Number of protein chains: 2
Amino acid sequence: MEVHLSNFTIQVNDNIYLKNPDSSDLGKKIISHSIMMIEQDGLENFTFRKLAKRIKSTEASIYRYFESKHKLLLYLISWYWGWMEYKLVFGTANIEDPQIRLEKAIKILTETIEEDRTFSHVNEVKLSQIVISESSKVYLTKDVDEENRKGIFTPYKQIVERVGQIILEINPNYKYPHMLVSTVVEGAHLQRYFADHLPRLTNNIDGEDSVVNFYMDMVIKNIQK
Amino acid sequence: MEVHLSNFTIQVNDNIYLKNPDSSDLGKKIISHSIMMIEQDGLENFTFRKLAKRIKSTEASIYRYFESKHKLLLYLISWYWGWMEYKLVFGTANIEDPQIRLEKAIKILTETIEEDRTFSHVNEVKLSQIVISESSKVYLTKDVDEENRKGIFTPYKQIVERVGQIILEINPNYKYPHMLVSTVVEGAHLQRYFADHLPRLTNNIDGEDSVVNFYMDMVIKNIQK
DNA sequence: GTATTAATGATAGTATTACTATTATTTTTG
DNA sequence: CAAAAATAATAGTAATACTATCATTAATAC
């Protein structure tokens, strides 16, 4: 059973954009095509000039939405975390047993992403590839502290907090809930990247999703009293 | 007791440089000052022009050692992994019990770095800061596959392999040795970065090195039969 | 001690990037 | 239909990441 929610949009911190790309056709084109282009050529080879050419607009027009390429990436990553939180909330709603709720949450956070037709101009599969290979670049900058102050990373922190809470429900004495969750989330991305490009840094066993299994197992064993 | 090894240098894959920076005074200056500058201003704000000015040389001269800023970063990271392997080999030599050997290895990989006076032109403390905040950028590129083919990442893979072997000595049936080691290594870096910049993504408990304790515990619990 | 070679310095130049600024045109809305 | 808002067209700038050329200095070989 697939549920379709209309009238549902992911809210992104408005410090990130100059003009909300969700508010116009051009804005949506900027988002959808930048996802395709960054996924294909990488952030390093992506420029507003190329994007403008592709969507038959101009650099100046794109700059009215985002003041830099870094901000556009921030928008995409932020959108992703907002979307992930919506998936988490829906996916774990009405599950009484915190152990099962936690397992569901870890699965959602570590499994490979499938298309979600709720948000038509965003290709979530490609976006998740961008998250895997580019998301750490949004905070590994000299501007982290300032951007953090502006609340740019709250969607991510909220997810870590939310799943950390489930862990504490199961074991209130567990000392490292945030550490465990961020290790899982970042680790899952990295292991998928390694599987594609540096396979000797990971282990991929046929017939299973090793990333999900490894991190699921890790969480369960770690929080045991 | 501190042991000083002279006549000991870290070998770096010679596909990385045009001319070995270890072979001249200028080369060593390039390394030592780039470490200081990148640590302070970040890779993004570091340029060969600024470096040249600082060491009173010229851009052209630096380009005779490294064909790009990315290659210079690769050199630094590679040197670091070579150095880490030497620390691992010495630190775990003559330890019979594989369990104790593994614990020593994990400690070496996750603890904060202290100065090593064996290699005079390299400040290992600053270099480790660079590794924490910039190292993932060396493989999160569109050129990974090609650089991997040239053997640029072997020092890192060797460490993962080496520690993975100890894990298999303890539990030959453990399915994810490489995954576990790379999760620990990358996780330790990230958690230290989070502690400094995004503290809500981690847990730092007074009076202990939470990063070491968390990952030590994780490894032990994970490989249990 | 000089000739030869290698290393470095000085200087200049190029394509690209990441923007900013200005004005013209089109589209939307009251 | 007029006014306002959005977008397009065009041009320009400072900085970056290099490449090229030639002069000078240092190292080494005989």
Side-chain angles (χ1 to χ4, degrees), chain A residues 14-34 37-38 40-76 121 134 137-138 140-143 146-147, chain B residues 14-34 37-38 40-76 121 134 137-138 140-143 146-147:
Chain A
D14 59 13
N15 283 308
I16 294 180
Y17 49 75
L18 297 170
K19 182 178 151 95
N20 192 342
D22 245 9
S23 70
S24 74
D25 274 9
L26 181 62
K28 284 176 190 155
K29 259 177 151 179
I30 291 173
I31 299 308
S32 64
H33 288 264
S34 64
M37 293 174 80
I38 296 174
Q40 203 166 54
D41 305 328
L43 184 71
E44 41 187 5
N45 300 119
F46 168 81
T47 68
F48 279 3
R49 176 158 301 172
K50 288 180 193 167
L51 174 60
K53 199 176 170 190
R54 171 157 171 166
I55 64 178
K56 287 186 181 103
S57 177
T58 61
E59 267 187 281
S61 299
I62 296 167
Y63 275 105
R64 276 194 205 91
Y65 288 83
F66 294 102
E67 66 190 20
S68 68
K69 155 174 154 178
H70 181 244
K71 285 279 168 79
L72 170 55
L73 179 66
L74 270 175
Y75 181 91
L76 297 179
H121 64 294
E134 315 285 357
K137 294 171 190 168
V138 308
L140 294 176
T141 329
K142 281 285 156 184
D143 309 324
E146 208 191 318
E147 286 177 346
Chain B
D14 58 14
N15 282 308
I16 295 180
Y17 50 75
L18 298 170
K19 182 177 150 94
N20 192 342
D22 244 9
S23 70
S24 74
D25 274 11
L26 180 62
K28 285 176 189 153
K29 258 175 150 179
I30 291 173
I31 299 308
S32 63
H33 287 265
S34 64
M37 293 174 79
I38 296 173
Q40 204 166 52
D41 305 327
L43 184 71
E44 42 187 5
N45 300 117
F46 168 81
T47 68
F48 279 3
R49 176 159 298 173
K50 289 180 194 166
L51 174 60
K53 200 177 170 189
R54 170 155 171 166
I55 63 177
K56 286 180 182 109
S57 178
T58 62
E59 266 187 282
S61 299
I62 296 167
Y63 274 105
R64 280 192 199 93
Y65 287 83
F66 295 102
E67 66 190 19
S68 69
K69 158 174 153 177
H70 180 244
K71 285 280 169 80
L72 170 55
L73 179 66
L74 270 176
Y75 180 92
L76 298 178
H121 64 294
E134 314 286 356
K137 294 170 191 168
V138 308
L140 294 175
T141 328
K142 280 285 157 185
D143 308 324
E146 207 191 318
E147 286 176 346

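What you see is a predicted model, and the numbers here were worked out from it, not measured in a lab. Because only heavy atoms are used, hydrogens play no part in the values below, and waters and symmetry mates are left out as well, while side chains stay in. Residue numbers begin at 1 in each chain, while the letters A, B, ... track the order of the sequences.
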Given C:dT8, is OP1 or OP2 found less than 4.0 Å from the side-chain N or O atoms of B:S24?
-> yes

Worked verdict on B:K71 versus B:L18 for side chain to side chain contact (heavy atoms under 4.5 Å, CB included) | CA-CA 10 Å; B:K71 285 280 169 80; B:L18 298 170; over 6 Å; no

Any A:T58 side-chain N or O less than 4.0 Å from OP1/OP2 of D:dT7 = no

Using whole Å, report how far CD1 of A:I62 lies from P of C:dT17.
-> 14 Å

A:F66 CZ to C:dT20 C1', in whole Å, measures 19 Å

Between CG of A:L51 and P of C:dT17 the distance, given in whole Å, is 14 Å

Any side-chain N or O of B:S57 under 4.0 Å from OP1/OP2 of C:dG9?
-> yes

Tell me what A:E67 touches on the nucleic acid: a base, only sugar-phosphate, or nothing, going by heavy atoms under 4.0 Å.
-> sugar-phosphate

Quickly work out the A:F48 CZ to D:dA8 P distance and round it to whole Å.
-> 15 Å

Determine yes or no for a side-chain-to-main-chain donor-acceptor pair under 3.5 angstrom, with A:K19 supplying the side chain and A:G27 the backbone.
-> no

Whole angstrom value for the distance that separates C1' of D:dA15 from CZ of B:F46 | 16 Å

Would you mind reading off the distance between A:K28 atom NZ and D:dA6 atom C1', rounded to a whole angstrom?
-> 16 Å

Report the residue from A:I31, A:I30, A:D25 that forms a side-chain contact (heavy atoms from CB on, under 4.5 Å) with A:H121.
-> A:I31

Counting any heavy atom closer than 4.0 Å, what does B:Y63 reach on the DNA or RNA strands: base, sugar-phosphate only, or nothing?
-> base

Nearest to the side chain of A:T47, which nucleotide is it out of D:dA9, C:dA18, C:dG9?
-> C:dA18

Base, sugar-phosphate, or nothing for A:Y65, non-hydrogen atoms under 4.0 angstrom?
-> sugar-phosphate

Could you say whether A:E44 or B:L26 is positioned toward the 5' end of DNA chain C, judged by the nucleotide with the nearest heavy atom to each?
-> B:L26

Do side-chain atoms of B:K29 reach the backbone of B:K56 as a donor and acceptor pair under 3.5 angstrom?
-> no

For A:E134 and A:L73, indicate whether the former's side chain and the latter's backbone hold a donor-acceptor pair under 3.5 Å.
-> no

Output the single nucleotide from C:dC19, D:dC18, D:dT7 whose closest atom is nearest the side chain of A:S68.
-> C:dC19

Specify the separation, in whole Å, of atom NZ of A:K53 and atom C1' of D:dA9.
-> 16 Å

Euclidean distance, atom CZ of residue A:R54 to atom C1' of D:dA8 [Å, nearest integer] | 20 Å

When you measure from the side chain of A:K19, which nucleotide among C:dA21, D:dT7, D:dT16 comes out closest?
-> D:dT7

Selection from C:dG9, C:dC19, C:dA21 that lies nearest to any side-chain heavy atom of A:A60 = C:dA21

